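Below is one structure, written out as structure tokens; comments come after it.
This is a predicted model, so every value here is computed, not measured. Residue numbering restarts at 1 for every chain, and letters A, B, ... go by the order of the sequence lines.
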Amino acid sequence: MPELPEVQTIVDDLNKKIIGRRITDVWFDTPKIIKKPKPAELEKQIKGLKIVDVRRKGKNILVYLTNNKQPTTNDFLLLIHQKLTGHLLYGKWQIKKVSGIKYQVSSLISGSLEEKVNNYIHLIFYLDNDWQLALSDLRKFAKVLFGPKEEIENLPDLKKIGPEPLARNFDISAFQNLIKRERRKIKQVLMDQEVIAGIGNIYSDEILWQAKIHPFMPTYKLKTYQLKNLYKAMRQILQKAIKLRGTSISDFRDTGGKPGAYTEIRKVYQREGEPCNRCGTPIKRVKIGGRSAHYCPKCQSNCE
DNA sequence: ATGACGTCCTGCCTGC
DNA sequence: TGCAGGCAGGACGTCA
């Protein structure tokens, strides 16, 4: 599932590939993904706009557009949240109607890493260079919002998101201040997008393993040295994962369809029963609020 | 304030 | 072999 490093990988790719392009057309077969405006309105409103920037806020991809007339009052924003299984792909596809509402989307690029037929592409933006930006999503949980920049930026979807863990001004004391007032288990706090942006199930497990902290540890009980370790682990692991272009457990792919390399060096996530890299103890998996947590019962035994 | 659970969705795995 | 049932999981809503 795309978390901060995976989304950053996509955003970096898009900055190389789609800046300056104009959107010439839109196709979709799953209207529920488009939360704003009304799905039928999207094409009319976005057609002709030029892509000027692509950024990330938490796990959200932000595509900034303009109509080039009066830039300050005519800027627009396309927000894409990939949720569990969404990915943005840059390529060329052909759409064939199979029946009333069924379509078949197949890649026109020979040697493409993507399978020839992609049953999960539900939304395509056509660009003025003959290429396309497609949203593929097996579970159809992804969400897309589009509108005037100010309006989208002020929606709770973006407004409520906490600070970026890798931001230069997010130092140890800023981190401590946020974390210390929490009463929940540390794993849940790390994954709460309103506390810190971009961390999900995979990286919270990895960060806690590196910091040697039990996922169930009540946050207010963390000692100062543990908070320091946690902060350091968070920055290190996220940076490393960005360098390796993310983790591909569920089915993350970059915009060219390639998996991320962090998968190879992960220490706990989906390694239940395998030996801990530090002490050899089998990795344990437990449920916490409907999510699974993976940890080493020996290295991370400091609960209670 | 916290937590537990249901919802969305579908490929995959298990068990009979 | 085949099919039913359970599971995963980010964000959000509901209820205790």
(Q) Can you tell me if A:Lys287 touches the phosphate of C:dA8, counting only side-chain N or O atoms and a distance under 4.0 Å to OP1 or OP2? (A) yes
Q: Check whether any side-chain heavy atom of A:Thr247 lies under 4.5 Å from a side-chain heavy atom of A:Ile202, and answer yes or no.
A: yes
Q. Are A:Glu41 and A:Lys44 ion-paired here, with the side-chain N under 4.0 Å from a carboxylate O?
A. yes
Q) Could you write nucleotides 9-16 of chain C as a row of B, S and -, 5' to 3', where a protein heavy atom under 4.0 Å of any base atom gives B, of only sugar-phosphate atoms gives S, and otherwise -? A) BBB-----
Q. If you check the A:Gln188 side chain, which of B:dG3, B:dT2, B:dC8 turns out closest?
A. B:dG3
Q) Does A:Arg245 pair with A:Asp13 as a salt bridge, N-O distance under 4.0 Å? A) yes
Q.
From NZ of A:Lys140 over to P of B:dT7, roughly how many Å is that when rounded to an integer?
A. 19 Å
Q) Whole Å only: how far is the OH atom of A:Tyr120 from the C1' atom of B:dC12? A) 10 Å
Q) Can a cation-pi geometry be assigned to A:Lys149 and A:Phe76, taking NZ or CZ under 6.0 Å from the six-membered ring centre and within 45° of the ring axis? A) no
Q. How long is the gap from NE2 on A:His214 to NZ on A:Lys187, to the nearest 0.5 Å?
A. 11.5 Å
Q. A:Trp209 ring centre to A:Arg266 NZ or CZ under 6.0 Å, with the angle to the axis within 45°?
A. no
